[in-house]
Amino acid sequence: MKKLKISIIDLIHNSPSQSLYRRYMFSNYTSIMPQIVGVWCREEGHEVNYSIFTGSQKLNDLLSDKADLVFISSFTFTAQLAYAMSNYFRSRGAVTVLGGPHARSYPGDACQYFDYVLGMTDRDLLKQLLRNFEMNRHEGVYLAASAQPTSIQGVRERWQFIEKVHRHSNFIRVIPMIGSFGCPYQCNFCIDSQVPYQQLDTGMIRDDLSFIMRQIEHPRIGWYDPNFGIKFNLIMDTIESVVPQGAVDFIAECSLSVLSEPNVRRLKKNGFRMIMPGIESWFEYGDKSKTGFANGIDKVRKIADHVNMIQSYIPQVQTNFMFGLDSDCGEEPFELTKRFIDLAPAAYPSFALLSIYGQGVRSNISYETDDRIIPFPFHLMRSVHTLNIVPKHYTWEEFYIHFIDLLQYSFSSRSMYRRFNANEMMVPRWIILLLSLTIGGSGKISSLSSILKNLQREPEFRAFVERKTNRVPRVMIEKVRHDLGPLWEWLPDKSLSYRSDILSNPFPGSKSEKVNHDSRE
Ligand code: SF4
C-alpha cells in the first residue's frame with residue numbers, strides 16, 4: 001500500500017482569538033479520538049501530521065500541509081470552519097474526512113462538504129477507509145461502526161501528539177486519559193446517554209499511569225470519561241495500585257450520586273483537585289444527583305450541603321447547570337440558582353443553554369416535530385450562548401433577560417470575592433478568577449447582552465428566532481464572515497443554512513452506507 005500523507009486537525013475553537021484564558025487553557029481541551037486515529041494511521045505505515053486549533057494558532061499554518069487525506073474533528077460550533085477547510089483542501093486534491101460530535105449529529109449535512117463522514121469509528125473501519133478511499137465530491141459517504149471500539153490506544157501510543165499539544169501551553173498542562181465510554185444515565189440532552197456504558201481495560205489504565213509518571217514529575221491528568229467513577233472502587237483500586245499518594249493531580253467530571261463522603265475522602269487522598277458534577281436543573285435529573293423527588297428549594301439546600309461537603313475535601317468544584325429545559329418556567333429556576341450560589345459560595349457555576357444538535361440524541365426528534373428548532377448557523381451554536389429552540393414557557397427575550405440577570409449575579413464583584421476567598425488553593429483560585437473575568441463571566445455576559453440587543457433592535461433577528469423566517473439575519477452572517485477571516489472565501493455556498501435529517505432518512509444520499517462489523521467481514 002502506498003505510504004499516505006495524512007493530516008489530522010482537531011478544531012477546538014471556531015475563530016482566531018487573543019483571549020488570555022483561551023491562550024493558556026484551551027490546548028487542554030483537545031479530543032482524544034483524533035489522537036487515536038493518528039496512532040492507527042501511523043501503525044498502518046502512513047505519515048501523520050497532527051494539529052490543533054484553539055484560536056491562538058495561525059490558520060495559514062494549518063492550511064499549508066499538502067496531504068492525501070485530511071481528517072478534521074469538529075464540534076457543531078466549529079463546523080463552518082471545518083466546511084471551509086474541507087473545501088480548501090479539496091481544491092488542492094485532498095480527500096477530506098469529518099469526525100467528532102458534528103459528524104454524529106449532522107451526517108447528512110456534512111456529507112455535502114466532505115468526502116467521508118464518520119460516526120462511531122473503530123480500527124477496522126479506519127483500516128478499510130485507508131485502503132480504499134476516493135473523492136466523493138457530489139455527496140460524501142457516511143461510515144459508522146456499530147459500536148464504540150472495545151479498546152483504544154493509550155497515552156504511551158499517543159504521547160507524541162500529547163507533547164505537541166503541550167508545546168501550545170506554557171502555563172497548565174493536562175494529560176487526557178479516559179477510563180470509560182458512555183454513561184448509564186439517560187439525560188435527554190446528552191450525546192453520551194446514547195452510548196452504552198463501557199469500562200475500558202484497567203491494565204491499560206495502569207500502564208498509562210506508570211508511563212506518565214516516568215515522563216513528568218507531578219503530572220496533572222484530566223479524565224475524559226463522560227461520567228467518571230461509575231465503577232468507583234474498580235477505577236480507584238486501579239489508580240491506587242500504581243500512583244503513590246500525592247504524586248499526580250486529577251480532574252474529573254462526576255455525578256453527585258457517586259460523590260458520597262467516603263468516596264470524596266478517597267478522591268482527596270488520591271490527588272483529585274477538581275471535580276465537575278452536573279446538577280442541570282432544580283426540577284429534573286434527581287437520579288444522578290441522588291436527590292430523588294426533592295425539587296425546588298429543597299433540592300437547592302440538599303445539593304448546596306452536598307457540594308460544601310465535597311469542597312471541604314476537593315479544592316475546586318465546578319457545578320454544571322442547564323437552562324432552557326421544558327421544565328423551566330418563570331423566574332424560579334434562575335432565583336433558585338442564585339440561592340445556591342449564596343449557599344455554596346466556593347463552587348464555580350458553569351451555565352449551559354439547551355442546544356439541540358441534530359440527531360445526536362434520539363429525543364431531539366420531538367423538538368423537530370413541534371417545529372421548535374431555530375436554524376442558527378452552526379458557527380453560533382455554542383451551548384454557552386445560544387438556545388436554539390423556542391422555549392416552552394418564555395419568549396426568547398424573557399428567557400435571555402432572566403439568564404443574563406443570573407450571570408450578572410453569579411459574576412458580580414461580591415460573588416467573585418466570596419468565591420476567591422472560599423478557595424484555599426493558590427492556582428485554582430487564580431484560574432477561577434481569570435475565567436470569571438474573561439470568557440466564563442464578563443465575556444459571556446457581554447456576548448449574551450449583544451444577542452439581546454440584536455433581538456430588540458433588529459426586526460430580521462427577531463423574526464428569525466420567532467420562527468417566522470429561516471432567512472439567516474445579516475448580523476449572524478457578518479459574525480461568521482468576521483470569524484472565518486480569509487477562510488470565508490472557502491465557505492461553500494448555502495452552508496450557513498443546514499439540512500436537518502432528523503425527520504427524514506437519517507443518512508441521505510445514494511452513496512451513503514452504514515458499515516457495521518457484519519457487513520465488513
Ligand atoms: S450524567 Fe452526565 S454524562 Fe451521563 S447522560 Fe447525564 S449529562 Fe450525560
Side-chain angles (χ1 to χ4, degrees), residues 8 10 30-44 48 50 73 99-100 104 118-128 144-163 165 174-185 191-216 219-245 247-255 258 263 266-267 270-272 516-517 520-521:
I8 296 178
D10 184 4
T30 43
S31 304
I32 289 183
M33 203 58 198
Q35 297 179 353
I36 292 171
V37 167
V39 175
W40 285 336
C41 291
R42 276 194 182 154
E43 288 178 355
E44 289 298 304
V48 174
Y50 162 84
S73 171
R104 279 171 60 196
L118 305 185
M120 297 262 198
T121 304
D122 64 11
R123 190 177 188 139
D124 286 347
L125 183 146
L126 190 83
K127 266 178 161 174
Q128 186 192 42
S146 54
Q148 291 274 26
T150 47
S151 64
I152 54 168
Q153 313 311 107
V155 172
R156 183 196 294 273
E157 289 88 356
R158 294 188 278 116
W159 189 246
Q160 304 171 47
F161 300 135
I162 293 169
E163 279 191 312
V165 170
V174 179
I175 297 164
M177 277 191 74
I178 187 161
S180 62
F181 287 141
C183 180
Y185 291 103
I191 199 165
D192 291 304
S193 68
Q194 309 294 295
V195 179
Y197 176 76
Q198 180 196 337
Q199 169 69 48
L200 293 170
D201 175 30
T202 50
M204 184 197 77
I205 294 171
R206 214 175 281 123
D207 183 52
D208 276 348
L209 290 168
S210 306
F211 172 80
I212 292 168
M213 285 188 295
R214 287 198 298 277
Q215 306 304 313
I216 298 180
R220 202 174 265 122
I221 292 176
W223 289 100
Y224 274 39
D225 305 44
N227 200 345
F228 177 84
I230 293 295
K231 295 198 171 165
F232 189 80
N233 288 331
L234 179 67
I235 188 70
M236 296 310 292
D237 288 349
T238 306
I239 292 172
E240 286 168 358
S241 68
V242 279
V243 180
Q245 270 181 37
V248 177
D249 286 351
F250 291 107
I251 300 168
E253 203 156 329
C254 206
S255 283
V258 168
N263 284 356
R266 194 169 175 193
L267 290 171
N270 285 290
F272 281 72
N516 59 38
H517 286 282
R520 276 182 285 123
E521 295 301 320

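Starting from 1, each residue takes its place in the sequence as its number. Fair warning: this is a prediction, and the values are worked out from it, not measured in the lab.
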**Report entry** Ile235 vs Ile205, side chain to side chain contact (heavy atoms under 4.5 Å, CB included): CA-CA, chis, key distance, verdict
**Finding:** CA-CA 9 Å; Ile235 188 70; Ile205 294 171; 3.9 Å; yes
Kindly indicate whether the side chain of [X], heavy atoms from C-beta on, has any atom under 4.5 Å from the side chain of [Y].
X: Ile230; Y: Pro184; result: yes
X: Arg158; Y: Ile32; result: yes
X: Ile175; Y: Ile216; result: yes
X: Val248; Y: Ile212; result: no
X: Phe181; Y: Ile152; result: yes
X: Phe250; Y: Phe228; result: no
X: Met33; Y: Gln148; result: no
X: Ile162; Y: Gln215; result: no

Closest approach of [X] and [Y], non-hydrogen atoms and distance?
X: Phe232; Y: Val258; answer: CD1-CG1, 3.6 Å
X: Ala252; Y: Phe272; answer: CB-CE2, 4.0 Å
X: Asp122; Y: Leu125; answer: OD1-N, 2.9 Å
X: Pro176; Y: Val155; answer: O-CG2, 3.9 Å
X: Gln198; Y: Pro149; answer: NE2-O, 3.4 Å
X: Ser31; Y: Ser73; answer: OG-OG, 4.4 Å

Requested in this report: Take Tyr224 and Val174 through the side chain to side chain contact (heavy atoms under 4.5 Å, CB included) test and state the conclusion after the steps.
Outcome: CA-CA 11 Å; Tyr224 274 39; Val174 179; 5.7 Å; no
Please answer whether the main-chain N or O of [Y] pairs with a side-chain N or O of [X] as donor and acceptor at a distance below 3.5 Å.
X: Thr202; Y: Leu200; result: no
X: Asp192; Y: Cys183; result: no
X: Asp225; Y: Gly179; result: yes
X: Arg42; Y: Val48; result: yes

Requested in this report: Report the residues that fulfil side-chain hydrogen bond (donor to acceptor under 3.5 Å, both in side chains) with Thr30, sequence neighbours left out, ordered by chain and then residue number.
Outcome: none
Requested in this report: Decide side chain to side chain contact (heavy atoms under 4.5 Å, CB included) for Arg266 and Ile239; before the verdict, give the C-alpha distance in whole Å, the side-chain angles of both, and the deciding distance to 0.1 Å.
Outcome: CA-CA 11 Å; Arg266 194 169 175 193; Ile239 292 172; over 6 Å; no
Requested in this report: Take Lys231 and Asp237 through the salt bridge (charged side-chain N to carboxylate O under 4.0 Å, His left out) test and state the conclusion after the steps.
Outcome: CA-CA 10 Å; Lys231 295 198 171 165; Asp237 288 349; over 6 Å; no
**Report entry** Distance (rounded to the nearest 0.5 Å) between Glu240 CD and Asn270 CG
**Finding:** 4.0 Å
Query raised in the report: How many angstroms lie between CZ in Arg156 and CE in Met204, if you round to the nearest 0.5 Å?
Result: 11.5 Å
Query raised in the report: Yes or no on side chain to side chain contact (heavy atoms under 4.5 Å, CB included) for Met236 and Leu267, after CA distance, side-chain angles and deciding distance?
Result: CA-CA 8 Å; Met236 296 310 292; Leu267 290 171; 3.9 Å; yes
Query - Qualifying residues under salt bridge (Lys or Arg N to Asp or Glu O under 4.0 Å), relative to Arg206, sequence neighbours excluded - result: none
**Report entry** Modelled atom types, side-chain donor and acceptor of Asn227 and Ser255, under 3.5 Å
**Finding:** yes
Query - With Glu43 via side-chain contact (heavy atoms from CB on, under 4.5 Å) - residues at least two apart - result: Val39, Trp40, Arg123, Gln153, Glu157
